[in-house]
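Step one of this worksheet: look at the structure below.
No hydrogens, no waters, no symmetry mates; every other heavy atom, side chains included, goes into these values. In what follows, every chain begins at residue 1, and chains take the letters A, B, ... in the order their sequences are listed.
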2 protein chains.
Amino acid sequence: MREWDAYDRKLLALLQEDALATAEDLARDVALSPSAIARRIRRMREDGTIVADRAVVSERIGPFLSAMVDIQLDRHALAPVGQLLSRLEARPEVQVVLEVAGPFDLLLLVVVPDMDAFNAFADSALADDPAVRRYETRFVKKRRKFTTAWPLDLAK
Amino acid sequence: MREWDAYDRKLLALLQEDALATAEDLARDVALSPSAIARRIRRMREDGTIVADRAVVSERIGPFLSAMVDIQLDRHALAPVGQLLSRLEARPEVQVVLEVAGPFDLLLLVVVPDMDAFNAFADSALADDPAVRRYETRFVKKRRKFTTAWPLDLAK
DNA sequence: GTTGAAACTTAGTTTCC
DNA sequence: GGAAACTAAGTTTCAAC
């Protein structure tokens, strides 16, 4: 894949904030014509530089209960761990799955309608899993910030 | 604000996956005409049901180093905590800020170009802050899943 | 008050230089 | 890459329910 120049990076930074910005809008911040801008964006969507464009829905659509779950794995078996990861990623209530360094191996952000649903999730997705040695839950009191935007001004 | 009916919820679920889907596309999954669909979406963008539409950029744009930072606050002063939160939220390298229950008060997901940049961040944003009692860092080995989509099929 | 169809307008795509 | 012609999608209007 080709590299990204300063124009591409600027366009990506702007589209991370507003994926619906028109090429004409973007031309105010990027010194290219609307057609050149549209062409670059189209190419970046095609080649996977832009993975997806997602609407961010207000938390008011809830109510939701969010929880951070730290998981310690039983590392002796590799296959069960892969299966656990696949199942967790497939769950719509799991927004985040991170492999981390330290005493815990996996970090989850789980979002469910209420505490009953959380218990149901923990029972069905974690409790009896052979790959899970133990897990700890911390409930989220407030989401202050949650964005997928990369800090492109700082990168590289 | 008005409530959301089953059509709205379905549209939101679809737009969370693809914010660029056309009204005609969506009409295949929602039993409304393209004009009714376009109208509902427009209203939900205006009234704040849809907070934003963001391009998700591939991690290949990096390289990036991500870290989870658990923060324990000095709770005695409220004002410094508010200032800390404002400053953290304003930082582009901070993707996530959660207030959580338990021994730690704040949970951050920080993304930077490299370890030097992480140390610079920790020094400038955390080390000398009067609201921060202590913090612990866990580096992210791999991002398996990271989405802002709510599980709308489960909600309510 | 909301739908669906048609006219209208705006934005993206293609072609050419 | 930029400009113009072309195509496609969103917006507005309006009649019907």
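One finds the CD atom of B/E59 at 6.5 Å from the OG atom of B/S66 (value rounded to the nearest 0.5 Å). B/L15 contributes atom CG, which lies 6.0 Å from atom CZ of B/R45 (distance to the nearest 0.5 angstrom).
With rounding to whole Å, B/D53 atom CG is found 17 Å from D/dA9 atom P. The OH-C1' distance, from A/Y7 to D/dG1, rounds to 10 Å in whole Å. For the pair A/L11 CG and C/dG12 P, the computed distance is 12 Å after rounding to whole Å. Taking atom CZ of B/R40 as the reference point, atom C1' of D/dG10 lies 17 Å away to the nearest angstrom. Taking atom CD of residue B/E46 and atom C1' of nucleotide D/dG10, one finds them 13 Å apart after rounding to whole Å. The CG-P distance, from B/L15 to D/dG10, rounds to 10 Å in whole Å. Taking atom CG on A/L26 and atom C1' on C/dA11, their separation rounds to 12 Å, with Å as the unit.
With contacts defined as side-chain heavy-atom distances shorter than 4.5 Å, the pair A/V112/B/P151 does not qualify.
The side chain of B/S33 lies closest to C/dA5 when the candidates are D/dA3, D/dT11, C/dA5. Comparing C/dG12, D/dG1, C/dG4 by their closest approach to the side chain of A/L32 singles out D/dG1. For B/T22, the listed nucleotide lying nearest its side chain is D/dA9; candidates were D/dG2, D/dA9, C/dT13. If you check C/dT2, C/dG4, D/dG1 against the side chain of B/R43, the one that comes closest is C/dT2.
Each of B/I37 and A/E24 was assigned the nucleotide of DNA chain C with the nearest heavy atom; the assignment lying further toward the 5' end belongs to B/I37.
Residue contacts shown for B/I41 are absent, as no nucleic acid heavy atom lies under 4.0 Å away. At a threshold of 4.0 angstrom between heavy atoms, the contacts of A/S35 include nucleobase atoms, whether or not backbone atoms are also involved.
No side-chain N or O of B/T148 forms a donor-acceptor pair with one of A/R54 less than 3.5 Å apart.
For D/dG2, the base has a donor-acceptor partner in the side chain of A/R39 [N/O atoms by modelled type, under 3.5 angstrom].
The local environment of CG in B/D128 is sparse, with at most 12 non-hydrogen atoms from other residues, nucleotides or ligands closer than 6.0 Å.
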